[in-house]
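Right, one structure below, let's go through it.
Just so it is clear: chains get the letters A, B, ... in the order the sequence lines come, proteins before strands, and each one is counted from 1.
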There are 2 protein chains.
Amino acid sequence: MPGTARVDARRNHDLLLAAAREAFAEHGTDASLRDIARQAGVGIGTLYRHFPTREALLEALLRSRFDALRDRADELSQAPAPGEALLTWLSELAAGSVTYRGLPESVMTALRDDRSQLHASCAAMRAAGGRLLDRAQAAGEVRGDVTAAQLLALAAGLAWAGEQSADPVAMIRQLLSIAMQGLATR
Amino acid sequence: MPGTARVDARRNHDLLLAAAREAFAEHGTDASLRDIARQAGVGIGTLYRHFPTREALLEALLRSRFDALRDRADELSQAPAPGEALLTWLSELAAGSVTYRGLPESVMTALRDDRSQLHASCAAMRAAGGRLLDRAQAAGEVRGDVTAAQLLALAAGLAWAGEQSADPVAMIRQLLSIAMQGLATR
DNA sequence: GAAAATACGGAGCGGTGCTCCGCTCTGTCA
DNA sequence: TGACAGAGCGGAGCACCGCTCCGTATTTTC
C-alpha cells in the first residue's frame, strides 16, 4: 500500500495509525474512533475510508507483532525442551497482551469471526502455538487433552484477568505459573 | 423495602426486575437500560429512581445467588477433603457465571470498586472462598502462594474465556480441570 | 374530599458507531 | 503550463447509548 496511493492519503493513513496507537494505549481497544480522527487532525469519514472497521485499525497496529509471535513459535519448536519452549511462548504471548486493555477480547472475537480483519494473523499465531503444543504433548510433557483453541482461550483468560487487577503484570505471571503447572502431565 | 413503598412503586420495581433478568440473559450485563424500561412498560426515569446504577440492578438480581455461594463455601469448609471442597465450590462458582454474559467482568469491577452496589455481596463471597482456600492450603493440598483475590481472578478469567467460546460450559469445565491441577501442591 | 407526599415519564444533553455525498485537492496528460 | 478526471476529504446526519431534571400524575394521609 505505501507508494501506490496519493501522498495526502498516505500521510493521513500514517497520522491515523499514530493517533490510534496512542488512543488504544490510553483508553483500550474500545477508544473513541472520533477522538482518534480528531487527534489525527482528520475527518471521521477519512478514518472509515482508510480503516473500515475497528478491527482493521487494530490489525494494522498488531499484524507485525502477531507475525513475530508466529515466527517465534516456529523458532521455539526447534528448542531442546518442548515444555519449556511452550512456557516461554505463552509468557511472551501474555506479556504482549498488556499493551492495549481489551486486547484479549479483540483477539478472541477475531478468532471466532473469520470475516474480521484481525482473523488471519490471529489464526496464524494460534496455529503456530498449536504446533508448539503438539510437540510438547508428543514429548509427553503436556496433557494430551488440550487443544490449541483451549490453549489460546486459557492465555486470553489469564491476560483478561490481569487487566482486571491492580498489577496486571504480577497477576499474569502468577496465573501463568498456575496454568503451566496445570498443563503439565500428571 | 417490600410493603413500605407505594403500591405502584413496588409494582414497577418488580416489573423492572423481571425485564432486567430477561434482558441480561439475552444480551448480557450491558443490555440497554432503555430497553429494559420499555420492556417493563415504564419510563427511563423510573428505572433510574429504583436502580440508580446498572450495578444496583445486577445486585438485586444476584445478591441471593452470591449469598448462597457464600453459605455454600461455609458449608463446604466442614467437608472431609479440603482440596475437593475447593474444587466443588469453584465449579459451582464458575457454573453460575454463565447465566449472564459479561458477569465475570461485572464481578471483577465490583470487587475493585467498593462504592459499587455489587461490592458487598461479591466481597463476602470472595472472603468465604478465601476461607475454603486457607483450609486447603493448611491441609497441604493447594499451593501456598495463592491468595483469595488471585483465586477469584482465576475463576473469573476462566469464566470469561468460556463466554468467548462456542461451548462455554465445556470450555469452562476443561479450563477448570487445568486450573485445579495447577493449584495442587507439586 | 383536600392536602401532602411520593412516584412517574420523557424531553433533552452529550456521547457513541457508522453512512453518505458535495466539495477539494492531487496526479496525469496534452 | 494548464485543464480535467477522479481519488480523497470532511462533517452533517441518523439511530442508538447512559444519565439528569422537572412538570405532571397518582397514591396515601388526614
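Mapping B:Arg49 and A:His50 onto DNA chain D by nearest heavy atom places A:His50 at the nucleotide closer to the 5' end.
Residues A:Glu55 and A:Ser116 meet the side-chain proximity criterion, which asks for heavy atoms closer than 4.5 Å.
Near DNA chain C, meaning a heavy atom under 4.0 Å away, the residues from residues 27-45 of chain B are B:Arg34, B:Val42, B:Gly43, B:Ile44, B:Gly45.
Each of B:Leu111, B:Leu152, B:Leu62 was scored for a side chain to side chain contact (heavy atoms under 4.5 Å, CB included) with B:Met125, with one residue passing: B:Leu152. None of B:Leu76, B:Leu132, B:Leu93 except one satisfies the side chain to side chain contact (heavy atoms under 4.5 Å, CB included) rule with B:Thr88; the exception is B:Leu76.
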For residues 27-45 of chain B, tabulate all N or O donor-acceptor pairs below 3.5 Å that involve a side-chain atom, not counting sequence neighbours.
unit_1, atom_1, unit_2, atom_2, d
B:Thr29, OG1, B:Gly102, O, 3.4
B:Thr29, OG1, B:Ser106, OG, 3.4
B:Ser32, OG, B:Arg34, N, 3.3
B:Ser32, OG, B:Asp35, N, 3.1
B:Asp35, OD1, B:Arg38, NH2, 2.8

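Follow the hydrophobic side-chain contacts under 4.5 Å out from B:Leu154 and you reach A:Leu151 in the same cluster.
Regarding A:Arg10, its CZ atom lies at a distance of 16 Å from the P atom of C:dT26, rounded to whole Å. Rounded to an integer number of Å, the gap from B:Glu55 CD to D:dC19 C1' is 13 Å. At whole-Å resolution of the value, CZ in B:Phe51 and P in D:dT20 are 16 Å apart. Note: CG (A:Leu47) to C1' (D:dA12) measures 17 Å, nearest angstrom. Distance, B:Tyr48 OH to D:dC19 C1': 5 Å, rounded to whole Å. The CG-C1' distance, from B:Asp8 to D:dT24, rounds to 14 Å in whole Å.
With hydrogens and angles left out, the side chain of B:Arg6 and the base of D:dT28 share no donor-acceptor pair within 3.5 Å.
A:Thr46 has no side-chain polar atom (N or O) that falls below the 4.0 Å cut-off from OP1 or OP2 of D:dG8. At D:dG8, none of the side-chain N or O atoms of A:Asn12 fall inside 4.0 Å of OP1 or OP2 (strictly under the cut-off). Between B:Arg54 and D:dG18 there is a side-chain N or O to OP1 or OP2 distance below 4.0 Å.
Taking the six-membered ring where the residue is Trp, A:Phe51 and A:His13 present tilted rings, their angle falling between 30° and 60°.
Among the nucleotides D:dG6, C:dA7, D:dC9, the one closest to the side chain of B:Ala5 is C:dA7.
Rounding to the nearest 0.5 Å gives a distance of 7.5 Å between OG1 of A:Thr147 and CG of A:Leu133.
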